[in-house]
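Throughout, a chain's letter reflects where its sequence line sits, starting with A, and its residues are numbered from 1. Keep in mind the model is a prediction, meaning the values are calculated, not measured. Only this structure's heavy atoms are used, side chains among them; waters, hydrogens and symmetry mates stay out.
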Amino acid sequence: MSEFALQLLLTFDATLRLAAPLILCAMAGIFSERSGVIDISLEGKMLSAAFTAAAVAHLSGSPWLGVMAAVTVSMALGIVHGFACITHRGNQVVSGLAINILASGLTVTIGIALFRQGGQTPPLTSGERFGPITWWFVEGLNTIPLIGTIYRELISGHNVLVYLALAAVPLSAWLLYKTRFGLRLRAVGEVPEAVDSAGVSVVWLRYRAVIIAGLLCGIAGAYLSTGQGAGFVREMSAGKGYIALAAVIFGKWRPAQALGACLMFGFLEAGAARLQGVELPLIGEAPVQLMLALPYIMTVLLLAGFIGRAHPPAAIGEPYVK
Amino acid sequence: MAGAAEPLGGASKPPPAIELRAVSKSFGLVQANKNIDLVVQPGTIHGIIGENGAGKSTLMNILYGLHQADSGEMIINGAPVQIHSSADAIACGIGMVHQHFMLVPNFTVLENVMLGSEGGMLLAEGREETRATLQKLAEEYGMTVDADALAGDLPVGLQQRVEIIKALKGGAKILILDEPTGVLTPQEAVSLFKILETLKQDGVTILLITHKLEEIMAATDTVSIMRQGEMVGHRATAETNPEELAELMVGRKVLLRVDKGTSQPSDVKLSTSGLSCTSPEGVQFIRDVSFEVRAGEILGVAGIAGNGQSELLEALAGMRPPTTGTIEILGQTITADGQSDPQIMRRVGLAHIPEDRHKFGLVLGFEARENAILGYHYAKQTGDGRLIESKAVTAHCQALMSAHDVRPDNPYLTAKNFSGGNQQKLVIAREMHAAPGVLIVGQPTRGVDIGAIEFIHKELIALRDAGAAILLVSVELEEVLGLADRIMVMNNGEQVGIIDRSEANEQTLGLMMAGIAPEKAA
């Protein structure tokens, strides 16, 4: 196998790892926004979950307890968002922003109080985080030239949360398009009056949507600190929640398309990391800062170009009043 | 289904399908329904008629569980019921077709129909069941709809059919229709009433809410009349007549015809020549329109909605710059390349009563007194042109309200809390007070109750007799025929012709609206 092909394969491998939290958050965003509730608090929920997962994993020694705690915290924040936006018909952007600010401050404050390490959690040992899972037959298939390498590098060897993120996409699509809940959820984001007059509770449907969003953001956050990383670092979500939101819009609020957008953002980030310090034809050495900024710049450009054409759920952002 | 006791041997009468006893409901200080009693026999079409704001929709929303009554009893098929939500109403066998359709436009007809009764956690099974229901309803009542079409792509008449199917799918035996013909073409309305007749034959009880007298006379068996939140009468349709119903609705005798003398036109005050308007995307809204309006006459503009009348109004009001041609108002010429701006038009002496009062006529969140000076807030009467004098504004509004019968006459009330008719009267008061030489009016009585219609018509005639040139755009032929001295008909952005009122009747205008010029011109 040529050097270039191997580099490309490794980049794809990194793409998966970097896209996993985006995918989970994007699915969360789809559930919330399809129900008519704008969710810019993906970021804050993910950040809170990342901290909770790392702290609980460190204190208990179990990454699974960490995930469960992270999901609980994130779902609780989802309910807070719902309480403000659904029950009290508050402004959804303001509520989301409040959660983000709260998460940004509270994680550091509690982190300092608990661990006295400037807001970080202590580094997690391998038993306290999710390690890579090596699939069956990796040794056996290794002898087959191309397939063996792809199997070893790309398909096998991720942690369980990456596979969970990938599984979340078809699961979300199935839930949205094949179940009663999905039909009602999609309807409530378009014409909530229709759902109400059909005798179905608008409020309860939207609550379920924000709770599901909390669940998925919780897993995403846990992945950041106990899967991809080994411990919590302040502001470690670094705008990924917003990028996921961009992917939702870019993917027209559909799971499969949003997955595509997340993979693209992931690939840009992976490519940027890999191109650091590499001599490029014409440009010369790739400037590190530009490379790191690339996914964010792309987000702005893509949204500027596409947001006009995307059709959001008709009732998004509007509290339901009978 | 409520197992209402079958009368033994058919000797006793079945209980009424709907019985309301002393139902009351208030929103804040407004008593929307006051001690309403209503009895509807099964298998009949019962009309409920009343002006806008009479409380018809509130009453139906209570029956369908969207609002809760403050007091009173509801008895369905002889059994007292508590209806707290639409789910309860559906369980009682009540279905409702709302005035504003409750369809998800990007869902298929099938998905819209199954919403709320999917028949299980997964959709696959319910889909087939719903398809069968659709098939059955299509066969029984002639309500054919393409199950896989997107609801948003259907014409309004078919969308309404989907709404009826939704209401009936669970076997509802009581069907409420709230202003069902407001959005329908005459042909669609005819086919709706045919369906309702078939449903009635099948034992469905139908409650028809409307403010159109002809529909009540044509379609119902019995009728109840509401006025200002109260039931003022129950009649068998065969034993009443439109005049009596109108009187009950309004509370006094109503002139269904407009009383006016002959016009005394003098000099031309408003004219256009070769006026055309094209959108930036290249859509031509109006082409080559030329007409004159003289002082002391009303030029009516008729046409099917969407044939350039709205754009003509906007061009004249300065809201939409003309692409070619000129507009002459009171001797001032506005050309295509000159700047056109509502403020300039107003200064020249043109007042505008816009078609859509919510969008262009009022700021709904402002108080009446603020709305009463909108657009004229530079005038000295309410301040020095920079600062606004609160007392003067209030006094000004108070004067307008008493002169133009705006009720309630409270200058501090927010515009959205007035009924449609009174909102319109406020806009008309404001524009008329500017003592315009030229008044352009769009749909002056859209969504306005009968009493207010009469008042507004009188005011327009009075303004004409005072020497104003009036251009009136309306989709209500009756209104154009009643008010106008000459009538221009528009089709596809072009003027089909201008004829004298004396030569016009519904037939000639109908042909012209379809684009066929009168023989004289041909």
>> If you define the side chain from C-beta out and look only at heavy atoms, does anything of B:Met96 sit under 4.5 Å from A:Ser197?
In response: no
> Where do A:Ala198 and B:Leu115 come nearest, in terms of heavy atoms and distance?
Replying inline: CB-O, 3.6 Å
>> Let's go through A:Phe181 and B:Leu122 carefully: what are the C-alpha distance in whole Å and the side-chain angles of both, what is the deciding distance for side-chain contact (heavy atoms from CB on, under 4.5 Å) to 0.1 Å, and is it a yes or a no?
In response: CA-CA 8 Å; A:Phe181 171 68; B:Leu122 299 181; over 6 Å; no
> For B:Glu128, does the CD atom have more than 12 heavy-atom neighbours from other residues, nucleotides or ligands under 6.0 Å away?
Replying inline: yes
> Got more than 12 heavy atoms from elsewhere within 6.0 Å of OH, A:Tyr320?
Replying inline: yes
> How far does CZ of A:Arg180 sit from OG of B:Ser117, to the nearest 0.5 angstrom?
Replying inline: 10.5 Å
> Which one of B:His67, B:Arg127, B:His100, B:Glu118 has the most heavy-atom pairs closer than 4.5 Å to chain A?
Replying inline: B:Glu118
> Taking the side chain as C-beta and beyond, is there a heavy-atom pair between B:Pro105 and A:Val191 under 4.5 Å?
Replying inline: yes
> Quick one: of A:Arg184, A:Arg186, A:Glu190, who has the most non-hydrogen atom pairs under 4.5 Å with chain B?
Replying inline: A:Arg184
> Given that the side chain runs from C-beta out, which part of B:Leu103 has a heavy atom under 4.5 Å from chain A: side chain, backbone, both or neither?
Replying inline: backbone
>> Does any part of the side chain of A:Leu183, heavy atoms only, come nearer than 4.5 Å to the side chain of B:Leu123, both counted from C-beta?
In response: yes
> Take atom CZ in A:Phe83; do more than 12 heavy atoms of anything else shown fall under 6.0 Å from it?
Replying inline: no
> Looking at CE of B:Met102 and CG of A:Asp196, how far apart are the two atoms once the value is rounded to the nearest 0.5 Å?
Replying inline: 7.5 Å
> Looking only at heavy atoms, which two atoms of B:Val104 and A:Ala187 are closest? And how far apart?
Replying inline: CG2-CB, 3.9 Å
> B:Asn106 versus chain A, heavy atoms under 4.5 Å apart: side chain, backbone, both or neither?
Replying inline: side chain
> What part of B:His98 is in contact with chain A, defined as an atom under 4.5 angstrom from a non-hydrogen atom: side chain, backbone, both or neither?
Replying inline: side chain
